[in-house]
Amino acid sequence: MMTLSSDLLVLDGVDLAFGGVRALCGVDLAVAEGHTHAIIGPNGAGKSSLLNVISGLYRPDAGAITFAGERFAAMPLGDVARLGIARTFQNLALFPKMNVLENVVMGRTARARATFVENVLGLPRSRSEERENRERASAVVAFLNLQNVAHRLVGTLPYGLQKRVELGRALIAEPRLLLLDEPMAGMTAGEKVEMCRFIVDAKRAFRTTVVLIEHDVGIVMDLADRVVVLDYGRKIADGPPDVIRNDSAVIDAYIGVVHDERLEATAV
Amino acid sequence: MTFFVEVLVGGLLSGIMYSLVALGFVIIYKTTGVLNFAQGAMVLFAALTFVSLTEHSLPFVVALLVTLAVMVVLGWLIERFVMKPLVNQSSIVLFMATLGLSYIIEGVAQLAWGTEVHGLELGIPDTPTHIGSISLSTFDLVAAGIAGTMVAALTLFFRNTRTGLAFRAVADDQFAAIAVGLRVSRIWTAVWTLAGVVALVAGLLWGARLGVQFSLSTVVLKALPVLVLGGFDSIAGAIVGGLLIGAIEKVAEVYVGPLVGGGIESWIAYAVALAFLLIRPAGLFGQKTVVRV
C-alpha cells in the first residue's frame with residue numbers, strides 16, 4: 001500500500017482470526033495526521049477488532065502496523081500509551097472507585113517523566129509534575145463540563161457522564177492518535193449532540209488524529225474526513241463521506257438494499 | 001472498674017498487633033485480589049532473617065536495612081515467578097499458589113537459618129506503665145504506637161500520593177490501568193514489597209513477644225477473624241477489626257471464661273467471625289459486591 005509521509009497510522013494487510021472465525025481479512029488502512037477516520041459496518045464486521053489491533057490488545061496473524069514511522073508486527077500493549085495512542089472502550093474501562101479528577105489524572109501516566117523511585121520518595125520533579133497534572137486535569141474536566149461532578153466517584157455517575165470522563169482521560173494524555181470505540185453508544189439524543197461537539201472541539205484544541213467507530217451514520221457523516229466500511233472482516237469501501245454515502249456496496253452491506261431516501265432518513 | 005478498663009485496654013493493644021498482620025493481607029488483596037496465605041510465612045521469614053543477622057553481630061540498623069532489602073528481593077521474586085505466570089487465573093488458583101509459597105518460604109527460612117527458637121530483644125522495656133490508676137504493658141504501648149504510625153502512613157500513602165493512586169487504579173481495573181500505560185507488573189512488585197515491609201514490622205513485634213520460632217507463621221490464623229470482621233480490602237477495617245477481636249478476646253477470657261472453665265481466648269475470635277459472616281459477609285468496611293442478574 002502506498003504510504004504518504006503525512007500518514008500517522010498505516011495498516012498493511014492485517015489478518016486476525018479467532019479459531020475458525022476470520023475477524024479481519026487483509027485490511028489496509030492509512031490515516032493522515034490530523035484527520036478523523038470513521039469505521040462503520042454491521043455488527044460483527046470487525047470494527048472493534050480493528051481498533052483492538054491498533055491499540056495492541058490483539059495480535060494480528062499477518063500484516064503490519066506502522067505508527068509514526070515505526071513498523072510493528074503487533075502493537076506493544078504495555079507501551080501503546082507511551083507511543084501516543086489513547087483510547088476509549090465500547091463498554092468503558094474506568095476506575096469506578098476513584099473520583100472524576102483522579103480518573104482523568106491517571107490519563108497522564110504515559111506522559112510521566114518522574115521515575116517510580118522519584119514518585120515513591122516524593123522528589124521535586126515528581127511533585128511539580130503532579131501539580132501540573134492536577135492543573136491539566138481540572139482544565140480537562142472544565143473543558144468537558146464535568147466540574148459539578150469532579151469529586152464524585154465515577155462508578156456512581158450516569159453512563160453518559162462516564163463516557164465523557166473516559167474521553168477526558170484519553171484527552172489529557174495529548175495523544176497523537178485518539179481511538180474512540182462507539183463514543184455515543186447508549187446515549188440519549190441530547191447527550192449524543194453534546195458528545196459530538198466535545199469530539200469536534202477536542203480535536204481542534206488538542207490537534208489530535210481520531211479513529212472512531214460509530215453506528216449513527218448521520219454523526220459519522222458530520223464528523224469524519226474519511227469513512228472506512230468493513231463487512232465480514234473485509235474493507236469494502238474507503239473514502240470521503242459523500243462518496244461513501246452513495247456507494248452501492250456500502251448501502252447493500254451496511255444498511256441493506258434500500259433506496260437513497262431511506263439512507264438520507266437514517267442520516268438525519 | 002479499673003480492672004475492667006485494664007483488661008479492655010490490654011485487649012485493644014494486643015488487637016493492634018493483630019491489625020498489623022491483617023494489614024499485610026489487606027494491602028495485597030486490595031491491589032491484586034489475591035488472598036495471600038503466605039503472609040504469615042513472610043512474617044516469620046522477616047523476623048528470622050533479622051534475628052539471625054543480629055546474632056551474626058550485625059548492628060541493629062544494618063540488620064534492619066539488610067532485612068528490608070531481602071524483603072524487597074522476595075517481593076520481586078514472588079511477582080516474577082509466581083504471580084506473573086498466573087496472571088488471569090481464578091482466585092482459587094492464586095490462593096493455592098500462595099499456600100504453596102508459604103511452605104517454600106518456611107522451608108527456605110529453615111534451610112538458611114535453622115530451626116531453633118531465637119529470642120528477640122528490641123530494647124523496648126517490658127515493665128508496666130501507670131496511667132492514673134491503670135497499669136499497662138509498656139511493650140504493648142510502644143508496639144501499638146508503631147503499628148498505629150504504620151497504619152496512618154499507609155492510609156495517607158494510598159489516599160494522597162501518586163504511587164498510591166496508581167496502586168488504587170490497578171486494584172480498581174487492571175484493564176484500564178494497562179490502557180493508560182501503567183506498568184502493572186512493576187506495581188505488583190511494589191505491592192508485594194510493601195507487604196513484605198509490613199511483615200517485617202509485624203515479625204519484629206510478634207517475635208519480641210513470642211520468640212522467633214516457626215509457630216510465628218501461625219499468627220495468620222489470628223488475622224483471619226480480623227479480616228472477616230473488617231473486610232478484606234479495607235485498611236480502616238483491619239484496624240477496627242483488630243481492636244474488636246483483641247478486646248473481645250480479653251474481656252471474654254476474663255469475664256466469660258470462668259463460667260465455662262476457661263480457655264476461651266483461643267477460640268472466641270473464630271466464633272465471633274463465624275457469627276459475623278452470617279450477618280455481614282462483606283465485613284464492617286468491605287466492598288459489598290452487587291451482582292447484576
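So you know, we letter chains A, B, ... as the sequences are listed, proteins then strands, and number each from 1.
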Contact between [X] and [Y] at the side-chain level, heavy atoms closer than 4.5 Å - yes or no?
| X | Y | value |
| --- | --- | --- |
| B:Leu165 | A:Glu130 | no |
| B:Leu182 | A:Met106 | yes |
| A:Leu77 | B:Ile178 | yes |

Please classify the contact between [X] and chain B as side chain, backbone, both or neither, with a heavy-atom cut-off of under 4.5 Å.
| X | value |
| --- | --- |
| A:Ala114 | side chain |
| A:Leu57 | side chain |
| A:Ser55 | neither |
| A:Arg82 | side chain |
| A:Arg169 | side chain |
| A:Asp79 | side chain |

At what distance, to the nearest 0.5 angstrom, does [atom1] of [X] lie from [atom2] of [Y]?
| X | Y | atom1 | atom2 | value |
| --- | --- | --- | --- | --- |
| A:Phe95 | B:Gln174 | CZ | CD | 10.5 Å |
| B:Arg162 | A:Arg127 | CZ | CZ | 12.0 Å |
| A:Asn91 | B:Phe175 | CG | CZ | 9.5 Å |

Problem set entry | Heavy atoms of other groups near B:Tyr29 OH, more than 12 under 6.0 Å | no
Exercise. Just wondering, more than 12 heavy atoms not from B:Arg159 lying within 6.0 Å of its CZ?
Worked result: no
Exercise. Looking only at heavy atoms, which two atoms of B:Asp173 and A:Ala93 are closest? And how far apart?
Worked result: OD2-CA, 4.1 Å
Exercise. So which heavy atom on B:Ala179 is nearest to which on A:Ala81, and how close?
Worked result: O-CB, 3.8 Å
Please identify, among [options], the residue contributing the most non-hydrogen atom pairs under 4.5 Å to chain B.
| options | result |
| --- | --- |
| A:Gly107, A:Pro96, A:Ala173 | A:Pro96 |
| A:Val105, A:Thr109, A:Asn133 | A:Thr109 |
| A:Ser126, A:Ala112, A:Ala170, A:Gly122 | A:Ser126 |

Exercise. B:Arg168 side chain to A:Met98 main-chain N or O, any donor-acceptor pair under 3.5 Å?
Worked result: no
Exercise. Side chain, backbone, both or neither: which part of B:Ala171 has a non-hydrogen atom closer than 4.5 Å to chain A?
Worked result: neither
Exercise. Is it true that A:Lys97 and B:Asp233 have a side-chain N and a carboxylate O under 4.0 angstrom from each other?
Worked result: no
Exercise. Hey, which of B:Ala176, B:Ala190, B:Ser185, B:Gly181 has the most heavy atom pairs under 4.5 Å with chain A?
Worked result: B:Ala176
